[in-house]
Amino acid sequence: MGLIVQKYGGTSVGSTERIAQVAERIAGYLAKGHQVAAVVSAMSGETNRLVAMGQELGGEYPSRREMDVLMASGEQVTIALLSTALLRRGISAKSFLADQIAFRTDAAHGRARIEHIDTQKLQTELANGVVPVVAGFQGVNEHGEITTLGRGGSDTSAVALAAALEADECEICTDVEGVYTTDPRIVEGARRLQQITFEEMLELASLGSKVLHPRSVEFAGRYRVPVRVMSTFAEGPGTLITLENDNMEQAIVSGIAHSTEDAKITVSGVPDIPGIASKILGPVGGKNIEVDMIVQNTGVDGMTDFTFTVKRQDFQPTLSLLDDVAKDIGAREVTGDNTIAKVSIVGVGMRSHAGVATKVFDRLASENINIQMISTSEIKISVVIAERYVELAVRALHDVFELDAQPD
Ligand code: ADP
Ligand code: ASP
Ligand code: MG
């Protein structure tokens, strides 16, 4: 018994039938004596639909303020529908938009960060036996403007709310039965993990595993919120995100993530002199464009090449920006490729095992997949390859590290 914050994702609230099932699931928890606060996403496909309409009228770069007002409307529908379904079952429930519970964020439209949540109202509702149904993904800044937390952000709303309410657990209820060794939609033999460390989950989420929004994992680690990823409609324990624990069997590789949201840019024929990286990347950062992997080749005859990746949505703006920069620094040319994929293997056990990278390179070579860029850290290895090989690469690496064969 205790307070549980439950987040229901888009598929879980994708139709009125499913919303009724979610209400039934919540009723089951209440019957066992738990208190529940729910956080919901928009119906599946709804946020995409809203974005497409905004872009149709606003062009590729519509007003960010208006896009947030537009996108946040998806969650307004589902909180009202879920509360209605709960009320129909005789359960006291009340929907809340972000500004009704002072869910405060900074002012960065489209990728706002949570600053503070006023829990007093929710505590009072909970104490009165009410199930608060809170709109995920949205916030409000200090001037009362609507903000959103970035795509997939309702996971973060839920974990932040669980932290603020000091809940006993935060359940992320979704359309798969937990966190798997890789996306179960790509590898049929992917295995559900019983538990995974915050550290590994943060890497997987940041490297493209959509099952959790990266910032939700950051919150969970920082505020020590036990988070469990589980299915909304199938019974089962799901996957617990835990602090590292000595008894935990440390698999060398715990999971594989992939992302097809990046693009690669190369500035060739750059003079190999001090300050060149800052001359290239300075203007990019100045436009708030996030740079991920960076590689500078060893100089030959005083010239070098410089390659880095950005989010695919920033591909064209970065290329245009670099046209001027290239002239300024005397670079030969700027080229780009927005059909790349990043595949990453993650595991805390990698720290103490040599030869993991070799295994990755050998297997990709035997599949005839060319590696374009490599980046490593203590617990991950990422490679950039052509997008068309992404599924093949994920399957091959899942196989070579025998991820489906290990016991839970
Ligand atoms: P929701 O709408 O409930 O937030 P998402 O679509 O955002 O659901 O996230 C769940 C999806 O994440 C799954 O359907 C699955 O395809 C994908 N996914 C990617 N990597 C993994 C992984 N390692 N384990 C489980 N699911 C994953
Ligand atoms: N509805 C938002 C999105 O589609 C937030 C979420 O689902 O987490 O990105
Ligand atoms: Mg999601």
Side-chain angles (χ1 to χ4, degrees), residues 6-14 18 22 38-52 67-68 70-79 98 110-112 134-139 147-160 170-196 200-217 227-234 236 238-239 241 253-261 343-347 390-391 394 397-398 403-404:
Q6 295 177 340
K7 177 258 171 175
Y8 292 97
T11 327
S12 309
V13 295
R18 289 199 169 170
V22 166
V39 173
V40 291
S41 297
M43 293 169 110
S44 55
E46 180 60 10
T47 313
N48 286 346
R49 192 181 72 89
L50 295 167
V51 169
M67 283 304 280
D68 275 355
L70 177 64
M71 286 193 287
S73 70
E75 275 71 12
Q76 179 159 355
V77 172
T78 45
I79 54 169
R111 51 188 162 84
V134 176
F137 183 52
Q138 56 178 257
T147 57
T148 62
L149 309 181
R151 297 305 304 273
S154 21
D155 298 331
T156 304
S157 311
V159 178
C170 180
E171 291 183 354
I172 303 292
C173 307
T174 182
D175 57 1
V176 284
E177 289 185 34
V179 178
Y180 284 66
T181 45
T182 194
D183 189 339
R185 292 184 204 289
I186 292 193
V187 178
E188 214 182 302
R191 183 172 47 88
R192 181 182 56 82
L193 301 164
Q194 235 163 50
Q195 50 182 30
I196 184 168
E200 289 168 307
M201 193 61 237
L202 186 58
E203 286 282 7
L204 285 173
S206 312
L207 293 165
S209 289
K210 291 229 167 68
V211 65
L212 282 176
H213 191 239
R215 277 194 204 149
S216 71
V217 189
V227 171
R228 192 180 291 277
V229 178
M230 62 205 299
S231 163
T232 303
F233 302 114
T239 302
I241 321 291
V253 176
S254 298
I256 302 177
H258 71 279
S259 160
T260 50
E261 284 171 16
V343 176
S344 312
I345 60 167
V346 171
V390 66
E391 296 200 359
V394 171
L397 295 178
H398 200 267
L403 293 182
D404 48 358

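Both ligands and their constituent atoms are indexed starting at 1 by order of listing. Side chains included, hydrogens not; waters and symmetry mates left out as well; all remaining heavy atoms used.
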Worksheet item: Where do Val343 and Val390 land on the side-chain contact (heavy atoms from CB on, under 4.5 Å) test, with the steps shown first?
Response: CA-CA 7 Å; Val343 176; Val390 66; 3.9 Å; yes
Practice prompt. Please step through side-chain contact (heavy atoms from CB on, under 4.5 Å) for the pair Thr11 and Arg18, ending with a clear verdict.
Written response: CA-CA 8 Å; Thr11 327; Arg18 289 199 169 170; 3.1 Å; yes
Practice prompt. Dump the intermediate steps for side-chain contact (heavy atoms from CB on, under 4.5 Å) on Ile186 and His258, then the final yes or no.
Written response: CA-CA 10 Å; Ile186 292 193; His258 71 279; 3.2 Å; yes
Item to complete: Apply side-chain contact (heavy atoms from CB on, under 4.5 Å) to Gln6 and Val22, showing your working.
Response: CA-CA 10 Å; Gln6 295 177 340; Val22 166; over 6 Å; no
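Listed by number with element, the atoms of ligand 2 under 4.0 Å from a non-hydrogen atom of Arg151 are 3 (C), 4 (O), 9 (O). Taking every non-hydrogen atom of Gly152 and a distance limit under 4.0 Å, the qualifying atoms of ligand 2 come out as 3 (C), 5 (C), 6 (C), 8 (O), 9 (O). In summary, the atoms of ligand 1 found under 4.0 Å from a heavy atom of Val179, numbered by their order in the structure, are 24 (N). Close contacts of ligand 2 with Ser41, meaning ligand atoms under 4.0 Å from a residue heavy atom, involve 6 (C), 7 (O), 8 (O). Interface atoms of ligand 2 facing Gly153, defined by a heavy-atom separation under 4.0 Å, are 5 (C), 8 (O). Within the listing of ligand 2, atoms 1 (N), 2 (C), 3 (C), 4 (O) sit less than 4.0 angstrom from a heavy atom of Thr47. Listed by number with element, the atoms of ligand 1 under 4.0 Å from a non-hydrogen atom of Thr174 are 1 (P), 3 (O), 8 (O), 10 (C). Residue Gly178 has at least one heavy-atom neighbour below 4.0 Å for each of these atoms of ligand 1: 24 (N), 25 (C).
Considering backbone and side-chain N/O atoms, Asp155 never comes within less than 3.5 Å of an N/O atom of ligand 2. Geometrically, ligand 1 and Ser12 share no nitrogen or oxygen pair separated by less than 3.5 Å.
Ser216 and Asp155 are not linked by any side-chain donor-acceptor pair at a separation below 3.5 angstrom, with hydrogens and angles left out of the test. Side chains of Asp68 and Thr147: no donor on one and acceptor on the other come within 3.5 Å.
Judged by distance alone, the side chain of Arg191 and the main-chain N or O of Leu403 form a donor-acceptor pair under 3.5 Å. Not one N or O on the side chain of Gln138 forms a donor-acceptor pair closer than 3.5 Å with the backbone of Thr148. Judged purely by atom type and a 3.5 angstrom limit, Ser154 has no side-chain atom pairing as donor or acceptor with the backbone of Gly136. Counting only distance, with no hydrogens or angles, the side chain of Thr78 and the backbone of Ser41 share a donor-acceptor pair below 3.5 Å.
To the nearest 0.5 Å, atoms CD (Glu177) and CG (Leu193) are separated by 13.0 Å.
For the pair Leu212/Ile241, a side-chain contact is recorded, criterion being any heavy-atom separation below 4.5 Å from C-beta on. In this structure the side chain of Val77 never reaches within 4.5 angstrom of the side chain of Glu46, judged on heavy atoms. Side chains of Val394 and Asp183 form no contact here, defined as non-hydrogen atoms less than 4.5 Å apart.
Protein heavy atom closest to atom 4 (O) of ligand 1, with residue, atom name and distance, is Lys7 NZ, 2.9 Å. For atom 24 (N) of ligand 1, the closest heavy atom belonging to the protein is Tyr180 N, 2.9 Å. Nearest non-hydrogen protein atom to atom 5 (P) of ligand 1 is Lys210 O, 4.2 Å. When only non-hydrogen protein atoms are considered, atom 21 (C) of ligand 1 lies nearest to Asp183 CA, 3.7 Å. Protein heavy atom in closest approach to atom 2 (O) of ligand 1: Gly10 N, 3.0 Å. For atom 27 (C) of ligand 1, the closest non-hydrogen atom on the protein side is Val211 CB, 3.6 Å. When hydrogens are left out, the protein atom nearest atom 8 (O) of ligand 2 is Ser154 OG, 2.4 Å; that is the closest non-hydrogen contact. Looking only at protein heavy atoms, the nearest one to atom 13 (C) of ligand 1 is Asp175 OD1, 3.5 Å. For atom 14 (O) of ligand 1, the closest non-hydrogen atom on the protein side is Arg185 NH2, 2.6 Å.
Residue contacts with ligand 1 for Pro184 involve side-chain atoms from C-beta outward but no N, CA, C or O (heavy atoms, distance under 4.0 Å). Heavy atoms of Thr181 found under 4.0 angstrom from ligand 1: none, in either backbone or side chain.
In this structure, Gly152 has no heavy atom closer than 4.0 Å to ligand 1. Residue contacts with ligand 2: Glu75 is included, with a non-hydrogen atom under 4.0 Å away.
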